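What you are looking at is a predicted structure, and each value in this text was computed from that prediction instead of being measured.
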Amino acid sequence: MIDCREAVRRMWAYLDHGLDAEPAEEFESHLETCRRCCGELEFSRALRRLVAEKASEPLPERLHRRLRALLEHA
């Protein structure tokens with residue numbers, strides 16, 4: 001079974017349907033027992049929806065910097 005660190009690494013690929021079957025199954029198995037990662041996944045889904053809805057609006061520079069910093073640390 002994978003740990004939380006690995007689950008977070010796989011999360012965006014999972015959301016993009018970019019994982020092969022085995023890594024996706026390992027990720028899903030981890031979610032069955034980890035509330036923290038389930039919360040991370042739900043947050044990521046909500047963030048994707050928000051970004052898609054607001055795609056035509058420019059991001060405030062402060063938010064853009066924060067997102068860039070988060071992605072660099074992921």
A.B. asks: Using residues 59-70 as the side-chain source, report each donor-acceptor pair under 3.5 Å to any protein atom, sequence neighbours left out, with the distance given to one decimal.
C.D. replies:
| unit_1 | atom_1 | unit_2 | atom_2 | d |
| --- | --- | --- | --- | --- |
| His64 | NE2 | Arg68 | NH2 | 3.0 |

A.B. asks: How long is the gap from SG on Cys4 to CZ on Arg9, to the nearest 0.5 Å?
C.D. replies: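 Spacing of SG (Cys4) from CZ (Arg9) equals 12.0 Å.
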
A.B. asks: Does a side-chain heavy-atom distance below 4.5 Å link Glu6 with Phe27?
C.D. replies: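 A side-chain contact under 4.5 Å is absent here.
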
A.B. asks: Counting only N and O atoms by type, is there a donor-acceptor contact under 3.5 Å from the side chain of Asp20 to the main-chain atoms of Pro23?
C.D. replies: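 No: the side chain of Asp20 does not pair with the backbone of Pro23.
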
A.B. asks: Considering only heavy atoms from C-beta outward, does the side chain of Leu19 approach that of Glu26 to under 4.5 Å?
C.D. replies: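 No, side chains not in contact.
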
A.B. asks: Tell me every residue that passes salt bridge (Lys or Arg N to Asp or Glu O under 4.0 Å) with Glu53, counting only those two or more places apart in sequence or in another chain.
C.D. replies: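 With neighbours one apart ignored, the set is empty.
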
A.B. asks: Do the side chain of His30 and the main chain of Ala7 share a donor and acceptor less than 3.5 angstrom apart?
C.D. replies: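 Not confirmed, His30 side chain does not pair with Ala7 backbone.
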
A.B. asks: Would you mind writing out the side-chain donor-acceptor pairs for residues 35-52 within the sub-3.5 Å range, not counting sequence neighbours?
C.D. replies:
| unit_1 | atom_1 | unit_2 | atom_2 | d |
| --- | --- | --- | --- | --- |
| Glu42 | OE2 | Arg45 | NH1 | 3.0 |
| Ser44 | OG | Glu40 | O | 2.9 |
| Arg48 | NH1 | Asp16 | OD1 | 2.6 |
| Arg48 | NH2 | Asp16 | OD1 | 3.1 |

